Participant: 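Take a look at the following structure, please.
A quick note: this is a predicted structure, and the numbers were derived from the prediction, not measured.
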Amino acid sequence: MPTPLKAATTIAAVLLLILTAAAPAQAANPTTKPPVSGSLGTYNVSGVYVAGVSSGGYMATQLHVAYSSRIRGAAVFAAGPYYCSQNTVTQALYGCGDNRYPTNVSALQAYTRTWASYGWVDPVGNLSGDPVYVFHGGNDTTVKKSVTDDLVRYYQHFGANVQYDSGSAAGHSWVTPYGTLGCATTASPYLNDCGNDPQNALLRKLLGGVNAPNTGALGGSLIRFSQNTFAVNGWANGLSMDANGFAYVPSACAAGQSCRLLVALHGCVQSVGAVGTAFVDRANLNQYADTNNLIVLYPQAATSLSNPNGCWDWWGYLGATNFPIKGGAQVETIMNMVRRLDG
């Protein structure tokens with residue numbers, strides 16, 4: 001997910017960096033639900049949305065663009081425009097992170113239109129008016145702001161309704177009131193506390209309004225399910241995905257009430273294999289799910305020889321060029337989970 005911080009040139013600079021990146025004295029601890037083994041059910045889902053950070057942010061845009069007829073909006077932290085890597089790891093590193101190379105956003109828009117004409121992604125007209133929340137932190141040196149600026153431009157080109165939050169001092173991370181690290185930090189588990197609540201903002205944007213979160217005991221269930229069931233090859237590990245994924249289902253949704261579905265995608269070095277359920281427990285989504293009839297799906301990537309940091313496939317590490325479109329192995333595996341949940 002992140003790259004090492006640039007070396008400081010003086011002892012004073014190093015000390016200053018340590019002080020500004022220090023974790024809070026005591027991180028807020030959310031109430032959590034221990035996962036229970038089960039299977040994904042089918043619920044009364046009225047709309048599907050996606051959210052993600054870093055590689056999960058890139059995967060969120062891939063899902064949104066490929067299936068814009070089904071996915072109604074996206075929230076993206078610390079990532080750049082759709083198909084930014086152009087199937088090249090060098091471009092992914094130096095164009096979509098460090099921005100030494102241009103992102104070629106106009107070419108990415110042209111690819112999207114062409115692929116829509118082939119039916120490889122849904123018609124681009126579906127993106128018009130879709131709510132999109134974009135977050136970039138001022139201390140994020142892993143994905144430069146200019147790259148995230150191009151994500152905003154990409155979506156605006158297709159008429160999406162974009163809210164851009166770029167005023168935070170956050171490092172490369174998912175920012176949450178339950179973060180265990182200081183705001184400016186870029187370090188595991190990449191959950192930073194900046195003294196605010198971006199989840200309120202992103203859910204307000206995506207859903208059109210949001211109730212206050214449940215700050216007491218959670219009332220739903222956290223289901224641990226087999227991702228093999230949904231893997232296009234029947235074997236999630238073969239797709240650099242974990243054997244298990246998670247879904248938080250509020251009791252109201254389990255009882256048949258109309259609910260919406262949010263697919264929440266972790267970043268590199270942030271999967272269950274790397275940080276346990278830290279992202280699932282501390283993303284501040286289950287708390288809002290309880291009070292807003294929202295099911296949260298947490299697919300899980302995993303490490304592999306071609307993917308040592310457990311990232312989502314947004315540059316083609318699985319060896320196929322169709323990774324960002326319909327038919328892409330991870331895209332379809334996640335969509336199989338969505339299809340099960342929303343019937």
Side-chain angles (χ1 to χ4, degrees), residues 1-8 13-14 16-18 20-23 51-62 74-86 88-105 108 133-154 164-176 179-194 198 264-271 274-275 278-279 282-283 301 303 307-317:
M1 179 179 181
T3 56
L5 294 175
K6 295 178 180 179
V14 173
L16 178 61
L17 181 63
I18 292 170
T20 57
V53 56
S54 192
S55 73
Y58 279 109
M59 177 57 77
T61 63
Q62 290 177 181
V76 180
F77 284 59
Y82 174 77
Y83 196 50
C84 184
S85 72
Q86 298 178 67
T88 304
V89 67
T90 304
Q91 175 67 18
L93 288 172
Y94 300 116
C96 309
D98 207 21
N99 205 206
R100 297 182 200 176
Y101 300 167
T103 58
N104 301 310
V105 68
L108 306 180
Y133 176 87
V134 176
F135 184 100
H136 185 274
N139 284 294
D140 184 350
T141 59
T142 303
V143 174
K144 296 292 180 63
K145 183 177 181 295
S146 55
V147 176
T148 304
D149 291 346
D150 280 345
L151 168 65
V152 172
R153 281 193 279 271
Y154 172 89
Y164 191 13
D165 183 350
S166 60
S168 169
H172 191 68
S173 64
W174 178 271
V175 176
T176 163
T180 57
L181 300 174
C183 186
T185 310
T186 294
S188 180
Y190 311 104
L191 296 166
N192 290 13
D193 182 1
C194 292
L265 297 153
H266 64 75
C268 305
V269 202
Q270 204 180 36
S271 67
V275 299
F279 182 76
R282 291 182 173 273
T303 60
N307 179 34
N309 290 322
C311 305
W312 292 103
D313 189 8
W314 62 277
W315 68 86
Y317 66 68

Participant: Can Val275 and Ser188 be said to form a side chain to side chain contact (heavy atoms under 4.5 Å, CB included), step by step?
Facilitator: CA-CA 8 Å; Val275 299; Ser188 180; 3.7 Å; yes
Participant: How long is the span from the CZ atom in Phe135 to the SG atom in Cys194, to the nearest 0.5 Å?
Facilitator: 5.5 Å
Participant: Step by step, would you call Asp98 with Lys144 a side chain to side chain contact (heavy atoms under 4.5 Å, CB included)?
Facilitator: CA-CA 6 Å; Asp98 207 21; Lys144 296 292 180 63; 3.0 Å; yes
Participant: Could you grab the distance from atom CG of Asn192 to atom OG1 of Thr180, nearest 0.5 Å is fine?
Facilitator: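 Result: 7.5 Å between the selected atoms.
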Participant: So, does Thr90 use its side chain to make a donor-acceptor pair with the main chain of Thr88 at under 3.5 Å?
Facilitator: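 Flag not set: sc Thr90 to bb Thr88 has no pair under 3.5 Å.
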Participant: Checking the side chain of Gln91 only, and the main-chain atoms of Pro102 only, is there a donor and an acceptor separated by less than 3.5 Å?
Facilitator: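 Checking the backbone N and O of Pro102 against the side chain of Gln91, a donor-acceptor pair under 3.5 Å is found.
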Participant: Mark yes or no for whether Ser54, through its side chain, and Cys268, through its backbone, hold a donor-acceptor pair below 3.5 Å.
Facilitator: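 No; zero donor-acceptor contacts below 3.5 Å.
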Participant: Mind listing the closest non-hydrogen atom pair of Pro81 and Tyr154 along with its distance?
Facilitator: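 It is CB-CB, 3.9 Å.
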Participant: Between Ser168 and Cys183, what is the shortest heavy-atom contact and its length?
Facilitator: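 Closest approach of Ser168 to Cys183, heavy atoms only: OG-SG, 3.9 Å.
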Participant: Any chance you could measure Tyr82, atom OH, to Leu108, atom CG, to the nearest 0.5 Å?
Facilitator: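 Between Tyr82 OH and Leu108 CG, I get 9.5 Å after rounding to 0.5 Å.
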Participant: Please check if the side chain of His136 supplies one atom and the backbone of Val147 the other of a donor-acceptor pair under 3.5 Å.
Facilitator: no
Participant: Would you say Trp312's side chain and His266's backbone share a donor-acceptor pair under 3.5 angstrom?
Facilitator: yes
Participant: Would a distance-only check, ignoring hydrogens and angles, find a side-chain to backbone donor-acceptor pair under 3.5 Å from Asp150 to Val152?
Facilitator: no
Participant: Between Gln86 and Thr103, what is the shortest heavy-atom contact and its length?
Facilitator: NE2-O, 3.9 Å
Participant: Give a yes or no answer on whether the side chain of Asn139 reaches the backbone of Ala169 with a donor-acceptor pair at less than 3.5 Å.
Facilitator: yes
Participant: Keeping the roles fixed (side chain from Tyr190, backbone from Trp174), state whether a donor-acceptor pair exists under 3.5 Å.
Facilitator: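 Looks like no, no N/O pair under 3.5 Å.
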Participant: Which value, rounded to the nearest 0.5 Å, describes the distance between Tyr58 atom OH and Cys96 atom SG?
Facilitator: 4.5 Å
Participant: Roughly how far, to the nearest 0.5 Å, is CG of Leu265 from CZ of Phe279?
Facilitator: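 Spacing of CZ (Phe279) from CG (Leu265) equals 7.5 Å.
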Participant: Heavy atoms only: give me the nearest Phe77-Ser173 pair and the separation to one decimal.
Facilitator: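 For Phe77 versus Ser173, the nearest heavy atoms are CD2-O, 4.0 Å.
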Participant: Given Tyr164 and Thr148, is the side chain to side chain contact (heavy atoms under 4.5 Å, CB included) satisfied, shown in steps?
Facilitator: CA-CA 9 Å; Tyr164 191 13; Thr148 304; 3.6 Å; yes
Participant: Under 3.5 Å, is there a donor-acceptor pair between the side chain of Asp193 and the main chain of Leu181?
Facilitator: no
Participant: Using modelled atom types and a 3.5 Å cut-off, is there a donor and acceptor pairing between side-chain atoms of Asn307 and backbone atoms of Asp313?
Facilitator: no
Participant: As a quick check of understanding, evaluate side chain to side chain contact (heavy atoms under 4.5 Å, CB included) for Lys145 and Asp140, giving each step before the final call.
Facilitator: CA-CA 8 Å; Lys145 183 177 181 295; Asp140 184 350; over 6 Å; no
Participant: Taking all heavy atoms of Gln270 and all of Pro189, pick out the closest pair and write down the distance.
Facilitator: NE2-O, 3.0 Å
